[in-house]
Amino acid sequence: MQRKATILKIVQPITIVLCAALLVAMAMLDVQQTALLSLAVVILAMVPYFLRFERLRPKPRDIVPIVVLSVIAALGRALFTFAPNIQPVTAIVIISGVVFGSQAGFLTGALSALASNMVMGQGPWTPWQMLAWGLIGYVAGVLSSTIVFKKNVFLLIYGFIASFAFGLIMNVWNVYGFVENASWQAYLVSIAASSYFDLIHAISTVVFLGLIAIPWRKKLLRIKQKYGMDDIGQESQSTSRHSV
Amino acid sequence: MKHIFHLYYPAVVFLYIMAALIFSMITLNPVCIIISFLAASGYSIYLNGVKSYLKTLRFVAVMFVIISIINPLFNHNGVTILFYMFDNPITLEACLFGMASGGMLACIFIWFTCYNKLMTNEKFLHLFGKAMPTIALMLSMILRLVPTTRYKIKCITNAGKAMGIQAETRRKRIAHGVRASSILLSWTMEDSIETAESMNARGYGVAKRTSFTAFKWSPHDIITGVIITALVGAVIYMMIVPFNTYVYYPTAGGELIAPIGIVGYVLYAILLCFPLLLELRETIKWR
């Protein structure tokens, strides 16, 4: 079980790169049926993450924080339905990744997207949003182990960049879903068309991060320490874990 | 509202709606698009009501127009040049293709309004819960916690009001919002740890998790499942053996209504209208 999970850990980024390459290849080779194929590729890209999580057999204490953060993110998104680009999901997903690690970050992102769409309505965009937010959380988790994220300024910068990255990923869907022959030109036009909304998204993420990042991070770290929780998929670090 | 697929096993419903969605996504044959649009519209009106459908239609119509305009602007394939725009030829074929892909997307959007009505959360969890038990558990926990958390938010704001905290200025309102969110986080987190301890105490992870389910296979489901599968197979066959060849480039055209092709269209229509036909049968039976 554990070994398979470790293999999957390496497989995860490789799958992402492969899937990105597949998407580019689809555009280069003028493949038909891009809408359906790209959806399949995106779903495929998420499989190693979910599989690894299942394989790790997470304890209730590891899954519950993810659940709670996803709920708050989904509710926060529902709160701002009138302006879909202003939403706290990106910020909350980043915090989750930073505090609980890359796996938790991915899951928070993917589940927030899936759950909030269960309330607001599913569509072909659901898998794309799941992947985009999931990756934001994953990368946040990966970076959190480096020194960079110790400073809150870098967290804000990451939030700003990540929001635009979210836009870039969603624009891939816009091109594959809506344009006949995917090309760089179409992608660039799509980016240009959405840049204003992405900017609003980025600013809102930075604002939300600024408002919640410092207090929430502190609180979550305290809770994590108090109850002896580990990062999922990491070797046990805290010796104070008391089992019931 | 009660619809007949309410009574069917989730896998059968999922098979139907996925067939409708995927076929709508892959076919650019204009007749197929029209069939899909009519079937999706009919079923969406049946499931969601006219008012909700018109709302969807308004959105879908805008999208259709945008895509129909954008495609010829970016695509200069085709031989029939209508006019030049910024030195770029606008071709009739690209216009037609744009309309076809716009129509295709319109169908997908309308089908998704049906999907949202048909595949309720519990059906979704029932279908995918076995493959990914932990994820399914988390999803159902999220769905459970949404109303709980809403209630908690209400409690926090009410408590604030009772303490005389009033938001006069925007600055203060934001400060209160931040404070409330912080309180909410601590509260839900501490609660959730309690939940986790309780789950531990009750033996979570000791054995395989079973889950309550209200769904059971019945002969009806099997018959309907077989019929839908057969129809899907037939439509796939008709699509692979291109009975109705329609190409957009270089010149738009092709055999749209070949005799054998009509059989394909009818099969496609039956597949897409299957639940509506079932409903019709019920109505006739119980008249």
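Convention: sequence-line order gives letters A, B, ...; per-chain numbering from 1.
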Within 6.0 angstrom of A:Phe197 CZ, more than 12 heavy atoms from elsewhere: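 Open.
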Taking CE in A:Met170 as the centre, count heavy atoms belonging to other residues, nucleotides or ligands within less than 6.0 Å. Is the count above 12?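 Result for CE/A:Met170: enclosed.
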Heavy-atom distances under 4.5 Å only: say whether B:Ile66 touches chain A with side chain, backbone, both or neither.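 Neither; nothing under 4.5 Å.
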Quick one: [atom1] on [X] to [atom2] on [Y], what's the gap to the nearest 0.5 Å?
X: B:Leu185; Y: A:Ile223; atom1: CG; atom2: CD1; result: 6.0 Å
X: B:Phe112; Y: A:Asn117; atom1: CZ; atom2: CG; result: 10.0 Å
X: A:Ile72; Y: B:Ile153; atom1: CD1; atom2: CD1; result: 8.0 Å
X: A:Leu69; Y: B:Ser192; atom1: CG; atom2: OG; result: 8.5 Å
X: A:Lys218; Y: B:Ser182; atom1: NZ; atom2: OG; result: 10.0 Å

If we only count heavy atoms from C-beta on, is the B:Ile193 to A:Lys226 side-chain gap below 4.5 Å?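 Side chain of B:Ile193 against side chain of A:Lys226, heavy atoms only: no contact under 4.5 Å found.
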Winner by heavy-atom pair count (cut-off under 4.5 Å) against chain A, out of B:Ser186, B:Gly177, B:Ala100: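 Most pairs with chain A among the choices: B:Ser186.
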Could you tell me which of B:Met189, B:Met199, B:Met119, B:Arg150 has the largest number of non-hydrogen atom pairs under 4.5 Å with chain A?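 Greatest number of close heavy-atom pairs with chain A: B:Met189.
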Which of A:Ala115, A:Pro215, A:Pro124, A:Pro65 touches chain B most, by non-hydrogen pairs under 4.5 Å: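 Option with the greatest count: A:Pro124.
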Using a 4.5 Å heavy-atom cutoff, which residues in residues 55-63 of chain B come close to chain A?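 Within residues 55-63 of chain B, the residues that come under 4.5 Å of chain A (heavy atoms only) are B:Met63.
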Donor-acceptor list for residues 132-148 of chain B side chains, cut-off 3.5 Å, not counting sequence neighbours:
unit_1   : atom_1 : unit_2   : atom_2 : d
B:Thr134 : OG1    : A:Glu54  : OE1    : 2.8
B:Ser140 : OG     : B:Ala136 : O      : 3.3
B:Ser140 : OG     : B:Leu137 : O      : 3.0
B:Arg144 : NH1    : B:Thr148 : OG1    : 2.8
B:Thr148 : OG1    : B:Arg144 : O      : 3.2

